[in-house]
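Quick caveat, the model's predicted, so the values are computed rather than measured.
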Amino acid sequence: MTSLSADESYLDHYGFSHDPFAARVPGFKFFPAQRKPVLGQLHHLARYSQLLLVVTGPEGSGKTLLRQALVASSNKQAVMSVVITPQGTADSSAVLQQIGQALNIQHADFDGVMAQIVQLALTGQEVYLLVDDAEQLTGAAVETLLRLAAGSPEARPHVFLFGEDSLVSRLEALVEGEERFHVIALQPYEEDETREYLAQRLEGAGAGLETLSEEQIARIHEQSGGWPGAINLVAREELIEAIKHSKTRKTVKGWPFPLPMKHLLAVLAVLCIIAVAFLLRGGEDEPEVQTNTPLALGNAPRSAPESAASPVMPPESPSKIEFETPAAAEPANTDSALTTAVEPANDVSKENSATSAHQDGAAPSPAVTQKEAPAPVVQPAPEPVVPKTPAPKTPEVVRPAAQPAPAASAHSAWYAEQGGNRYLVQILGTRTEKNAQTLVAQRGSDYRYFVKEHEGKPLYVVTFGNFANRAAALAAIKTLPAALQSGKPWARSFASVQKEMRK
């Protein structure tokens, strides 16, 4: 699947009315709770501040959605909004040309634009200049917008730049230390906000959040970093992988294989071993059952001749009779077994007498005739007592003395004690606790780690600092060593950490 927006099999598989994770979905608006204060701040600064306002965030962070919300929530009678979207690199003249067209100016130069803004102000209308993808502006275009934001004593437009973080350094170079702009940095979604975002996207396409498993939702949030554009990409990939997995699941004789083939082969091997062991054990027990059967019935009167119960061995092999008879007398230690243990000697004499009679030409006497006379009760020789070997005692496991609790337990208490509205910087996550301990030990007391469950396994998350607000945490990221900054650390609240630890 390459073009998912037009792939009918993708839509049919999940029953979507459209691709829920397309970059632009008509009518879709998701404004999480954390963005509402930002929108209010922009309105407040536009009214009371004379600074150029800059909103920064990576690609797909929701800057355009915030710009749309700003325009939609403005008073249409009192505000004229001019949206500028650079097509590639935009210089100063291109920016002034777009402003002039929106304000119906014949001479779209700086002085002409300012004159029209003053005329609108006399009629009670303010002008909002909103620039999307402002990082594409040339230095001259940015400088022109700074001049427009400064305005004149009669009027000034309110200039909003929405761009990536690189825009800030360019502005700083232009203002040379003067306070001429104010920056608002957007923050990624928390996991709950990612869940709400996914639910709204799926519901708009006629599905629901149950389309994704809890493991998929957690994986989407972690891999996307909480940025909405990345959430769309990762969520779509998760759905594609689920389709591929369902299509490649093999069947044998109509029965599906819910496990990978190597796991199935291992299960079959175990079953074969069990079956062979069962058959071998059954083969060993079978002779005991066959030989014990006539002995177990020794207390009952015999209705058939002895010769009918077992074939008479030839006279030249009496040792065979003596060998088989004791071998058959291996019953368990029960009353019937003790009774039958008396009979082997009589059976041997019977066989010998039968053999002698046969040699003399006389018919052998039936065994039942000999049984009519009560045989003398011979006290069986006591069976040798085989001392029972006591079961080997399980060696006592000498457990080492209790080790001091790992740093994670102490850190867990520390995280729980912090205020939920404070912030920290998440450095990295690792599956090996030793790695987290080593990093914390190397970096110092400002570094700690906590453990959470991710995909059914513990994940050890290293954090840095304890800050009063998100802006302070973001500023601290720039002070981190380059090796740690390469892992893209991000600011998050203690409330979100405490929630993950409770889970």
Side-chain angles (χ1 to χ4, degrees), residues 5 18-46 52-74 81 83-86 128-137 159-168 181-205 209 212 217 220-238 423 426 469-471 473-474 477 488-493 496:
S5 58
H18 61 268
D19 182 4
F21 300 111
R24 294 286 185 268
V25 176
F28 175 78
K29 304 291 182 185
F30 179 77
F31 215 69
Q34 64 160 268
R35 297 293 167 88
K36 293 178 182 178
V38 176
L39 180 60
Q41 187 179 7
L42 289 173
H43 279 297
H44 177 81
L45 293 172
L52 180 145
L53 302 177
V54 183
V55 178
T56 63
E59 182 180 359
S61 59
K63 300 184 296 293
T64 299
L65 182 61
L66 181 61
R67 189 265 301 163
Q68 292 172 346
L70 179 60
V71 173
S73 57
S74 300
S81 297
V83 178
I84 303 169
T85 304
Y128 281 8
L129 301 178
L130 306 102
V131 184
D132 260 344
D133 302 325
E135 70 276 359
Q136 298 184 20
L137 298 172
V159 181
F160 303 85
L161 303 184
F162 297 84
E164 297 182 4
D165 296 339
S166 59
L167 180 63
V168 177
F181 65 92
H182 178 77
V183 179
I184 299 175
L186 297 181
Q187 300 302 315
Y189 294 167
E190 301 290 348
E191 186 169 352
D192 288 344
E193 292 171 328
T194 299
R195 184 184 300 274
E196 294 173 8
Y197 178 85
L198 291 169
Q200 189 168 328
R201 281 273 186 172
L202 291 167
E203 288 168 3
L209 189 60
L212 296 166
I217 294 173
I220 290 169
H221 177 72
E222 182 173 357
Q223 294 181 5
S224 66
W227 298 110
I231 290 174
N232 291 339
L233 296 175
V234 179
R236 185 184 293 111
E237 289 301 321
E238 284 287 340
Y423 283 81
Q426 178 166 320
N469 51 52
R470 188 183 294 272
L474 290 173
I477 292 176
K488 297 183 179 180
W490 55 287
R492 60 182 303 188
S493 66
S496 65

Gln200 atom CD, over 12 foreign heavy atoms within 6.0 Å: yes
Under 3.5 Å donor-acceptor, Lys63 side chain and Val55 backbone: no
Pro188 backbone acceptor or donor facing Gln34 side chain under 3.5 Å: yes
Are the side chains of [X] and [Y] in touch, meaning some heavy atoms are under 4.5 Å apart?
X      : Y      : result
Arg35  : Leu186 : yes
Asn232 : Arg201 : yes
Phe30  : Glu196 : yes
Leu167 : Leu137 : no
Phe162 : Leu130 : yes

Phe21: ring pair (Phe, Tyr, Trp, His ring centres under 6.0 Å) partners, not counting sequence neighbours: none
Sequence-distant partners of Phe181, ring pair (Phe, Tyr, Trp, His ring centres under 6.0 Å), two or more places apart: none
Run the salt bridge (Lys or Arg N to Asp or Glu O under 4.0 Å) test against [X] and tell me which residues pass, sequence neighbours left out.
X      : result
Arg492 : Glu500
Glu135 : none
Asp133 : none

Can you list everything that forms a side chain to side chain contact (heavy atoms under 4.5 Å, CB included) with [X]? Sequence neighbours excluded, please.
X      : value
Glu222 : His454, Leu459
Ser73  : Leu39, His43
Ala46  : Tyr128, His158, Phe160
Pro58  : Ser61, Trp227

For Phe31 against Ala69, the heavy-atom pair lying closest together: CE1-CB, 3.8 Å
Going by side chain to side chain donor-acceptor pair (under 3.5 Å), name the residues that satisfy it together with [X], two or more places apart in sequence or in a different chain.
X      : answer
Arg470 : Gln187, Tyr423
Gln41  : none
Glu203 : none

Separation of Leu52 CG from His182 NE2 (nearest 0.5 Å): 11.5 Å
